[in-house]
Structure formats: C-alpha cells, structure tokens
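Source: prediction; values computed, not measured.
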Amino acid sequence: QVLLFGGWDATGNILNDTWAWNGTDWTQLHPANSPSGRTYAAMTTNTTTGTILLFGGSGLVDGGKPQDTWEWNGSTWTQRFSSVSPPSRYGHAMTYDATRNEIVLFGGMQDVDLNVSPPLYFADTWTWDGTQWKQKTTSVAPTPRYGHKMGYDPALQQVVLVGGEGVKGLPLAPPYYYSIDMREETWTWDGAAWLQRFPD
C-alpha cells in the first residue's frame with residue numbers, strides 16, 4: 001500500500017486523515033490514534049520493522065511547529081518518544097538507509113516572523129534507529145534547504161539528496177524578506193559523511 005497523511009484542503013483546513021492506496025482505490029482509514037493535523041511532514045518506510053515513520057510538519061500544535069515522531073504499523077499511529085529529537089520543522093526529507101538499517105533526516109525550515117527574525121532553514125543530519133533520534137555531526141554538509149528529496153540507492157548503498165530551496169539576498173536587519181535560491185546540487189550520504197557529486 002501507499003500511505004497518505006494530512007495536508008490541507010482547498011479551503012485551507014489542515015487535515016489529519018489517513019488514507020491507503022492499494023493500486024486501484026483509495027480507502028480512508030480510521031485509526032484509534034493519529035498525529036495532529038499538519039502539512040509538509042516527512043514520512044518514510046522502515047523496511048526492517050515494516051512500519052512507516054512520520055516526523056514534524058507545519059500544523060496547529062506547538063504554535064504550528066510540531067516536533068513529534070509517529071509510527072504507523074498498518075492499523076494505527078503510535079507516538080514515539082526520544083531523549084533527543086530534531087527541532088520542529090517542515091519541508092525536510094527522510095529516507096530509509098537499508099545498508100545501515102536506519103532512517104536519515106536532513107534539512108527543512110521553521111516558521112518565523114520575518115519582521116523580527118531571519119528565516120530559519122536547517123542543514124542538520126539526524127538518524128532514527130527504531131527507538132531514538134541521534135544527530136550526526138559532519139564537517140561537510142549540504143547548505144540549509146527546504147523541499148529537497150532524498151532516496152536510497154542500493155547500487156551505491158548510500159542515500160542520495162537532490163535539490164531544494166534556500167535563501168539569497170538576505171537583509172542584514174529586519175524585515176528579513178529574501179529571495180529564493182533553488183539548489184541544483186546532488187549529494188550522497190554514506191552513514192558518516194556527505195559528499196557532493198557532480199553529474200553531467
């Protein structure tokens with residue numbers, strides 16, 4: 001199945017519904033527990049456990065900044081708790097690293113008042129081992145970004161990151177209205193370090 005959670009509708013309502021696609025039809029599911037309504041959360045399958053992990057998004061809780069981790073087991077959502085966790089964010093990317101049996105999270109952004117604070121884009125790397133989040137400190141990493149995509153390449157046995165948007169033309173004082181910089185880079189993650197690639 002393909003699983004869909006949340007988003008918003010044509011009138012701007014933020015949703016927390018769960019749907020499954022079996023290749024032919026959509027079916028709305030009605031789990032006993034569910035994350036709060038949100039948009040731009042990240043989800044990925046953990047093939048080791050046969051579950052789906054969801055983190056963050058932009059929603060109505062925590063001042064619109066969810067920082068929670070949820071796991072879908074095929075019938076219901078269960079909130080998972082970790083002693084440390086990525087800061088709240090949306091537009092981040094996650095994928096399952098089958099070589100190292102962990103989920104990798106990178107980047108995203110957080111809503112701020114641009115009349116007071118500069119935009120908050122992230123360039124941090126986190127892994128989920130099935131029970132805990134762990135931040136990975138690296139000497140080199142992709143620049144802060146939002147809306148990028150990540151996937152696992154079984155031939156390379158690495159995670160591949162492509163694209164996203166960042167910031168350019170940021171003022172030195174408020175209001176911090178800025179221009180978008182579209183990232184056209186390709187990066188790979190081997191479980192310990194990021195490496196920028198330069199495909200033709």
Side-chain angles (χ1 to χ4, degrees), residues 2-19 33-46 51-72 77-82 84-97 102-128 133-136 141-151 159-168 170 175-183 185 187 189 194:
V2 174
L3 193 76
L4 179 150
F5 177 82
W8 55 37
D9 64 17
T11 59
N13 295 312
I14 295 181
L15 308 173
N16 74 328
D17 47 353
T18 302
W19 292 76
N33 300 303
S34 182
S36 60
R38 63 194 64 199
T39 62
Y40 301 116
M43 295 198 308
T44 192
T45 302
N46 184 332
T51 58
I52 293 175
L53 196 76
L54 177 150
F55 178 81
S58 179
L60 300 178
V61 298
D62 300 327
K65 301 172 184 178
Q67 192 185 357
D68 44 359
T69 302
W70 291 81
E71 194 171 54
W72 173 258
W77 290 99
T78 301
Q79 188 170 1
R80 304 297 302 273
F81 297 93
S82 175
V84 294
S85 177
S88 61
R89 67 191 63 203
Y90 64 93
H92 48 297
M94 297 196 309
T95 195
Y96 180 71
D97 183 342
E102 59 189 14
I103 289 170
V104 182
L105 179 154
F106 180 84
M109 69 177 298
Q110 190 180 101
D111 283 324
V112 295
D113 183 350
L114 294 177
N115 292 305
V116 177
S117 304
L120 183 55
Y121 283 68
F122 293 100
D124 49 352
T125 304
W126 293 78
T127 58
W128 172 262
W133 285 107
K134 180 184 294 183
Q135 187 171 8
K136 299 287 189 174
T143 52
R145 65 192 62 207
Y146 151 96
H148 48 290
K149 301 301 178 186
M150 294 200 309
V159 169
V160 180
L161 180 153
V162 178
E165 69 171 47
V167 174
K168 66 179 179 181
L170 183 65
Y176 293 100
Y177 295 103
Y178 59 93
S179 299
I180 298 298
D181 182 23
M182 302 306 295
R183 314 295 195 196
E185 308 143 358
W187 291 79
W189 168 257
W194 287 102

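In this structure, the ring of Phe106 has its center less than 6.0 angstrom from the ring center of Trp194.
For Val116, the side chain to side chain contact (heavy atoms under 4.5 Å, CB included) partners two or more places apart in sequence, or in a different chain, are Asp113. Partners of Tyr177 under the side chain to side chain contact (heavy atoms under 4.5 Å, CB included) rule, at least two apart in sequence or in another chain, are Leu114, Asn115, Pro175. Every residue meeting the ring pair (Phe, Tyr, Trp, His ring centres under 6.0 Å) condition with Trp8, not counting sequence neighbours, appears here in chain and number order: Tyr40. For Lys134, the side chain to side chain contact (heavy atoms under 4.5 Å, CB included) partners at least two apart in sequence or on another chain are Thr127, Lys136. By the ring pair (Phe, Tyr, Trp, His ring centres under 6.0 Å) test, Trp70 pairs with no residue at all, sequence neighbours left out. Remark: Asp111 pairs with no residue by the salt bridge (Lys or Arg N to Asp or Glu O under 4.0 Å) rule, at least two apart or across chains. Not a single side chain to side chain donor-acceptor pair (under 3.5 Å) links Thr95 to another residue, sequence neighbours left out. The side chain to side chain donor-acceptor pair (under 3.5 Å) test applied to Thr44 returns no partner, not counting sequence neighbours. Residues passing the side chain to side chain donor-acceptor pair (under 3.5 Å) test with Tyr146: none are found, sequence neighbours excluded. In this structure, the side chain to side chain contact (heavy atoms under 4.5 Å, CB included) partners of Thr69, at least two apart in sequence or on a different chain, are Leu53, Phe55, Arg80, Trp128, Trp133. Looking at residues two or more places apart in sequence or on another chain, you find a side chain to side chain donor-acceptor pair (under 3.5 Å) between Glu185 and Arg145, Trp187. Checked against salt bridge (Lys or Arg N to Asp or Glu O under 4.0 Å), Glu102 has no partners two or more places apart in sequence or in another chain.
Residues Asp68 and Arg38 form a side-chain contact, since some pair of their non-hydrogen atoms from C-beta on lies under 4.5 Å apart. Tyr96 has its side chain out of reach of Thr45: every pair of non-hydrogen atoms, C-beta onward, lies at least 4.5 Å apart.
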